[in-house]
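Below is one structure, written out as structure tokens, with a few remarks after it.
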2 protein chains.
Amino acid sequence: MQFSIGCEYAIHGLLYLAMQRPDEVVLLTDVAKAQNLPVSYLAKVFQLLAKAGLVKSFRGAHGGYMLAQTPDQITLRDVTQAIEGTTPLYSPLSSRRECGLAADCVIKEAFTRAEKSLFSELEKVTLKEMMDQAIRMRSRMKWLQVPVAG
Amino acid sequence: MQFSIGCEYAIHGLLYLAMQRPDEVVLLTDVAKAQNLPVSYLAKVFQLLAKAGLVKSFRGAHGGYMLAQTPDQITLRDVTQAIEGTTPLYSPLSSRRECGLAADCVIKEAFTRAEKSLFSELEKVTLKEMMDQAIRMRSRMKWLQVPVAG
DNA sequence: ATAATTCGGATAGTTATTGTCCTAATATAA
DNA sequence: TTATATTAGGACAATAACTATCCGAATTAT
């Protein structure tokens, strides 16, 4: 039970966007190069982020991506949900197997509470906070040594 | 990001054990039959539960399984951890990919908090509570209509 | 001894994740 | 209008993880 590596790519990519000038449009290849991510898979990740409304995409020449919201509006929950979708942590009623307990299954209720608690923590963390913390420890972070406009 | 079906098998199996007379040793095949689970996979699940100290196993004739702790001592967290192990929800430092942020990675810290919150909720739910609730709604539950000794 | 059972390893089947590639759609610029 | 740059989306391949099965070894009761 782990968040997929796509989530990591997404967070790193979004952090990169957040470090740019606001309204600066960045090429996918630049994001991938700066963060050392496989560009073809990152493309899929960014499509999900765009669908979820976290980034704006621009096609054609001079196209690319920028944040669709300010960094303090984007939470870790938004990101994980954009990438992983909304499947519950525990879903005995899904296609996987018929649950004899029907809808009011006590087990499911317990997991639902746990899941809410998890998401509520992820909701507390914004891209801005992560970026600020990252800048503070920048000297230790090779991958964030990119030009940041002021 | 979902708990594996092995967790579901484990919970159902443990609930079945919890419904027996205390100290009653039950055959794996009986558990599987009663809960309609694939016995060969359930065997693996129960091996994990035994290693985690949630059930006691007895080999040989008249062997089988019983709970190693009272139902109010076994939490949902114990079960999921026994089956899924202790891999963190987010592990950029693992084998998957070198994380440029090193150990103090801010992202990882955020996920660690979230994970703790998740586990803390799962810890609140015991086998006994689930069993009691299940008994209350027993009429709706085909699979729990098994003899319970008093 | 024999029968009953779990243990552990090997392995196969299935599904999910990760990654690549190609074409279509779109936008800019000459 | 044409050429070029770029994302969108579908198809597909590779890899990894999960699920399931089987078999022989170890263990225990009779």
Side-chain angles (χ1 to χ4, degrees), chain A residues 1-10 12-13 17 24-33 35-66 68 80 82-85 87 89-92 94-97, chain B residues 1-10 12-13 17 24-33 35-66 68 80 82-85 87 89-92 94-97:
Chain A
M1 237 260 304
Q2 253 193 290
F3 284 104
S4 72
I5 205 163
C7 284
E8 187 181 333
Y9 295 173
H12 284 201
L17 291 191
E24 168 115 7
V25 173
V26 184
L27 285 185
L28 188 68
T29 52
D30 289 344
V31 181
K33 220 172 292 172
Q35 307 288 7
N36 192 31
L37 304 174
V39 62
S40 53
Y41 190 48
L42 192 65
K44 296 300 182 192
V45 167
F46 265 67
Q47 281 176 24
L48 292 173
L49 293 177
K51 272 188 195 158
L54 302 186
V55 301
K56 274 188 263 188
S57 67
F58 302 93
R59 289 170 155 199
H62 297 182
Y65 294 95
M66 56 177 279
T80 57
I83 305 302
E84 305 257 332
T87 328
L89 283 189
Y90 181 84
S91 49
S94 79
S95 57
R96 305 170 87 193
R97 177 168 166 272
Chain B
M1 237 260 304
Q2 252 194 290
F3 285 104
S4 71
I5 205 163
C7 282
E8 187 180 333
Y9 294 175
H12 283 201
L17 291 191
E24 168 115 8
V25 174
V26 184
L27 285 184
L28 187 68
T29 51
D30 289 345
V31 180
K33 218 171 293 170
Q35 306 289 9
N36 192 30
L37 305 174
V39 62
S40 55
Y41 191 50
L42 192 65
K44 297 300 182 192
V45 167
F46 265 68
Q47 281 176 24
L48 292 173
L49 294 177
K51 273 188 194 158
L54 302 186
V55 302
K56 274 188 262 189
S57 67
F58 301 94
R59 289 172 153 201
H62 297 183
Y65 293 95
M66 55 178 278
T80 57
I83 305 302
E84 304 257 333
T87 328
L89 283 190
Y90 181 84
S91 49
S94 79
S95 58
R96 306 170 86 193
R97 175 167 166 273

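A, B, ... follow the sequence lines: proteins, then strands. Residue 1 opens every chain. Because only heavy atoms are used, hydrogens play no part in the values below, and waters and symmetry mates are left out as well, while side chains stay in.
At dA16(C), none of the side-chain N or O atoms of S4(A) fall inside 4.0 Å of OP1 or OP2 (strictly under the cut-off). Considering only side-chain N and O atoms, Y9(B) lies under 4.0 angstrom from the phosphate OP1 or OP2 of dA20(D). Phosphate proximity of dC7(C) to Y65(B): present, with a side-chain N or O under 4.0 Å from OP1 or OP2.
Across the protein-nucleic acid pair, L48(A) atom CG and dT17(C) atom P stand 12 Å apart, rounded to whole Å. E8(A) has its CD atom 13 Å from the C1' atom of dT18(C), to the nearest Å. Protein atom CD of E84(B) is 11 Å distant from nucleotide atom C1' of dA17(D), rounded to whole Å. Rounded to whole angstrom, the span from the NZ atom of K44(B) across to the P atom of dG8(C) amounts to 9 Å. Spacing between atom CD1 of I5(B) and atom P of dT15(C) amounts to 11 Å, rounded to whole angstrom units. If you take CD1 of I83(B) and P of dT19(D), they are 10 Å apart, rounded to a whole angstrom. In this structure, L27(A) places its CG atom 11 Å from P of dA5(D), rounding to the nearest Å. Regarding L49(B), its CG atom lies at a distance of 14 Å from the C1' atom of dT6(C), rounded to whole Å.
For F46(A) and Y65(A), the distance between ring centers is under 6.0 angstrom.
Residue F46(A) is the one, among F46(A) and C7(B), whose nearest nucleotide of DNA chain D lies closer to the 5' end (criterion: closest heavy atom). Remark on DNA chain D: of its neighbouring residues A43(A) and V39(B), the 5'-side contact belongs to A43(A), judged by nearest-heavy-atom nucleotide.
With sequence neighbours left out, the ring pair (Phe, Tyr, Trp, His ring centres under 6.0 Å) criterion links F58(B) to no other residue. Taking the side chain to side chain donor-acceptor pair (under 3.5 Å) definition, one finds that E84(A) meets it with S4(A), sequence neighbours left out.
Judged purely by atom type and a 3.5 angstrom limit, Q35(A) has no side-chain atom pairing as donor or acceptor with the backbone of G13(A).
Among the nucleotides dT6(C), dA20(D), dG19(C), the one closest to any side-chain atom of L28(B) is dT6(C). Between dG9(D), dT21(D), dG19(C), one nucleotide has an atom nearer to the side chain of Y41(A) than all others, and that is dG19(C). When distances run from any side-chain atom of Q47(A) to the nucleotides dC7(C), dT21(D), dA8(D), the shortest one goes to dA8(D).
The side-chain heavy atoms of K56(B) and V25(B), taken from C-beta on, include no pair separated by under 4.5 Å.
At a non-hydrogen distance threshold of 4.0 Å, R59(B), G60(B), A61(B), H62(B) from residues 50-62 of chain B come into contact with DNA chain D.
Atom CE of residue M66(B) and atom OG of residue S57(B) lie 11.0 Å apart, to the nearest 0.5 angstrom. From L37(A), atom CG reaches atom OH of Y9(A) across 6.5 Å, with rounding to the nearest 0.5 Å.
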